[in-house]
Amino acid sequence: MVGFLVKRLLALIPIFLLAILLTFIMVKMSPVDPAEAYFAASNTHPTPQALEEKRQEMGLNKPIFLQYVETVKKVVQFDFGDSYMTKRPVIDEMRERLPVSFQLGLGSIILTFLISVPLGFYTALHKNGFVDYSTRFLAFIGASMPAFLVGYLLIIVFAVKLAILPLEGVGTWQHLILPMITLALPFIVQYTRMLRANMLEHMHEPAVSFARMRGLKERIIMVKYVLRLAIGPVITGLGINLGTLMTGMVIVEVVFSIPGFGRYFIDAIFSRDMPVIQCYVLLSAVLYLVCNLIVDILQMYIDPRIVKKGGHL
C-alpha cells in the first residue's frame, strides 16, 4: 500500500508541471496584453511609456523560457502575483474566498452520497416499484435542467414564495442549503441510477450466490457484498466528474451571490485579471489531482485486490 501511494504521489509531479506549462501557454496565446489589462482594471489610460515600463516590471520582455521558469518558481512558492482589480496578492484573495467554495463543494458531495446511496440501494432492492419509477422520472427531469435554472426555481419557491430560506450570500448554514441542492442535484440523479444498475448486476455474482448458500442474511449480503462491489464505480465517477462539479460551483456562486473563488474567477474574466485566472486554473488542476488520489485510496480500501494486481486501478 505504501509503494502504491508513493508511486501515485511521484506521478503527480510531472502532471502538475504539465498543468503549469499549459496554463502558461494559454496566457501567452491570449490576445490580452497583461500590461494593458492591468491599467484597464484600474480605468486608467496609460501612455506608451507607462505600458513599456509595466511590461518590463512584469518580465514580459524576457525570453519565453525564462518567463516559464520564473512562473514555476513563483507557483511553487504560492506567489501568483497581485490582482489587477484589487491590487492585493492573489493568494490572500484565495485564502478569503476558498473556504466558502470548499464548504459548498464538500457539502454538495456529502449531500450527494447521503441521498444517492440509500436511494440507489432501495430502488435496486425494489426494482420496478413505485419509488423506482418515481426516481426514473425525477432523473429524467433533473438531467434535463441546467444548474442555473434549478437555482432560480429554488430561489422562487423557497426564498421568495415560502420565505423559509435566505435568498443569497453567506453567513449561516441556511445560506448553503439551496446552493448545495442546486449543485448536488445532477450528481444525485446520476449516481442513484448508477448505483442501482451496478447493484442489479452484482446481485448475480458467484460470491453473492455462495454467500446465500452459506445461509447469511439477505441484508448482510446486500450490504457487505453487493453494495461494496457496486459503490466502487460511483466513487470513481465522482473523481472523474470533479471538473463538472467545479464548473457547476462557478454557476451556483453567481446565481446565489456567494463570495467564493468561483464568482471571483468570473469577475476576473470580465476584468481580464490574468493572475487570478491563472491561479484558478492551476488550483483547479491541483484539486482535481488531489481528489483523484483520494478516490484511488478509497478504491484501494474498498477493493484490496487493486494493490495485489500491482497497484493499478
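- Residues Arg136 and Arg196 meet the side-chain proximity criterion, which asks for heavy atoms closer than 4.5 Å.
- For Thr47, there are no side chain to side chain donor-acceptor pair (under 3.5 Å) partners at least two apart in sequence or on another chain.
- With hydrogens and angles disregarded, no donor-acceptor distance shorter than 3.5 Å links the side chain of Asp273 to the backbone of Ala268.
- Here the closest non-hydrogen pair linking Thr192 and Ile188 is OG1-O, 2.6 Å.
- Counting only heavy atoms from C-beta outward, the side chains of Leu282 and Phe80 approach each other to under 4.5 Å.
- Ala184 and Ser108 make their closest contact through CB-O, 3.6 Å (heavy atoms, listed as atom of the first residue, atom of the second, distance).
- Using a 30° and 60° split on the angle between ring planes, His126 and Tyr122 fall in the parallel class, below 30°.
- A cation-pi contact, defined as under 6.0 Å to the ring centre and within 45° of the axis, is absent between Lys62 and Tyr68.
- One finds the CG atom of Leu60 at 7.0 Å from the CG atom of Asp33 (value rounded to the nearest 0.5 Å).
- Val131 is listed as a side-chain neighbour of Leu119, based on a closest heavy-atom distance under 4.5 Å.
- Remark: Lys73 engages no residue in a side chain to side chain donor-acceptor pair (under 3.5 Å) (not counting sequence neighbours).
- The number of heavy atoms from other shown groups lying within 6.0 Å of CD (Gln49) does not exceed 12.
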Check: Should Phe16 and Leu12 be marked as a side-chain contact (heavy atoms from CB on, under 4.5 Å) after you check the CA-CA gap, both sets of side-chain angles, and the distance that decides it?
Finding: CA-CA 6 Å; Phe16 179 65; Leu12 295 181; 5.8 Å; no
Next item on the list: Using the side-chain contact (heavy atoms from CB on, under 4.5 Å) rule, take Leu165 and Leu154 through it: C-alpha gap first, then chi angles, then the decisive distance, then the call.
Entry: CA-CA 10 Å; Leu165 290 172; Leu154 292 177; over 6 Å; no
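- We find that Asp132 and Arg193 are joined by a salt bridge, their nearest charged nitrogen and carboxylate oxygen being less than 4.0 Å apart.
- Within the 4.5 Å cutoff, the side chain of Met58 has heavy atoms near those of the Tyr38 side chain.
- A heavy-atom distance below 4.5 Å is not found between the side chains of Met180 and Val252.
- Each of Met213 and Val226 belongs to its own hydrophobic cluster when Ile, Leu, Val, Met, Phe, Trp and Tyr are linked at side-chain heavy-atom distances under 4.5 angstrom.
- Looking only at side-chain heavy atoms (C-beta outward), Thr86 and Glu93 come within less than 4.5 Å of each other.
- Distance CG/Asp79 to SG/Cys279: 10.5 Å, rounded to 0.5 Å.
- Taken together through direct or relayed side-chain contacts under 4.5 Å among Ile, Leu, Val, Met, Phe, Trp and Tyr, Leu21 and Leu66 form parts of separate hydrophobic clusters.
- Salt-bridge formation is detected for the pair Glu96/Arg88: a Lys NZ or Arg NE/NH1/NH2 atom is positioned less than 4.0 Å from an Asp or Glu carboxylate oxygen.
- Tracing side-chain contacts under 4.5 Å through hydrophobic residues (I, L, V, M, F, W, Y), one never reaches Ile115 starting from Phe130; they form parts of separate clusters.
- A 4.5 Å side-chain heavy-atom check between Glu53 and Gln56 finds every atom pair outside the cut-off.
- Looking only at distances, a side-chain donor or acceptor of Ser101 sits under 3.5 Å from a matching main-chain atom of Phe261.
- Looking at residues two or more places apart in sequence or on another chain, you find no side chain to side chain donor-acceptor pair (under 3.5 Å) involving Arg272.
- Annotation: side chain of Leu104 is in contact with side chain of Leu183 (closest heavy-atom distance under 4.5 Å).
- Taking both residues in full, the closest heavy atoms of Pro166 and Ala159 are given as O-CB, 4.0 Å, listed atom of the first, atom of the second, then distance.
- Atoms CD1 and CD1, from Ile235 and Ile294 in turn, are 12.0 Å apart once rounded to the nearest 0.5 Å.
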Margin query: Using the rule given for side-chain contact (heavy atoms from CB on, under 4.5 Å), can you reason through Gln278 versus Thr71, listing the C-alpha separation, both sets of side-chain angles and the distance that settles it, and then say yes or no?
Written below: CA-CA 10 Å; Gln278 187 175 13; Thr71 300; 3.5 Å; yes
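- Between the side chain of Lys161 and the main chain of Phe158, no donor-acceptor pair closer than 3.5 Å is present.
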Check: Would Leu111 and Phe187 satisfy side-chain contact (heavy atoms from CB on, under 4.5 Å), going step by step from the backbone distance to the final call?
Finding: CA-CA 10 Å; Leu111 183 63; Phe187 298 100; over 6 Å; no
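- Counting non-hydrogen atoms of neighbouring residues, nucleotides and ligands closer than 6.0 angstrom, the CZ atom of Phe24 exceeds 12 such neighbours.
- When hydrophobic residues (I, L, V, M, F, W, Y) are linked wherever their side-chain heavy atoms come within less than 4.5 Å, Ile156 remains an isolated member.
- Minimum heavy-atom separation, Ser116 to Leu195: O-CD2, 4.0 Å.
- Val250 and Phe148 fall within the same hydrophobic cluster, defined by Ile, Leu, Val, Met, Phe, Trp and Tyr side-chain heavy atoms under 4.5 Å apart, directly or through other members.
- Relative orientation of the Phe265 and Tyr280 rings is parallel, given thresholds of 30° and 60° on the angle between their planes.
- The side chain to side chain donor-acceptor pair (under 3.5 Å) search around Lys127 returns none, not counting sequence neighbours.
- The distance from atom CD1 of Ile181 to atom OG1 of Thr112, rounded to the nearest 0.5 Å, is 11.0 Å.
- Shortest non-hydrogen contact noted between Met203 and Leu125 is CE-CD2, 3.8 Å.
- Within a 6.0 Å sphere centred on NZ of Lys74, other residues, nucleotides and ligands contribute 12 heavy atoms or fewer.
- The shortest heavy-atom contact between Leu200 and Ala124 is CD2-O, 3.5 Å.
- Other residues sharing the hydrophobic cluster of Leu114, ordered by chain and number and joined by side-chain separations under 4.5 Å: Phe102, Leu106, Ile110.
- To the nearest 0.5 Å, atoms CG (Leu149) and OG1 (Thr182) are separated by 10.0 Å.
- Rounding to the nearest 0.5 angstrom, the gap separating the CD1 atom in Ile277 from the CD1 atom in Ile266 is 9.5 Å.
- Both Ile13 and Val290 are part of a single hydrophobic cluster, where members link through side-chain heavy atoms under 4.5 Å apart.
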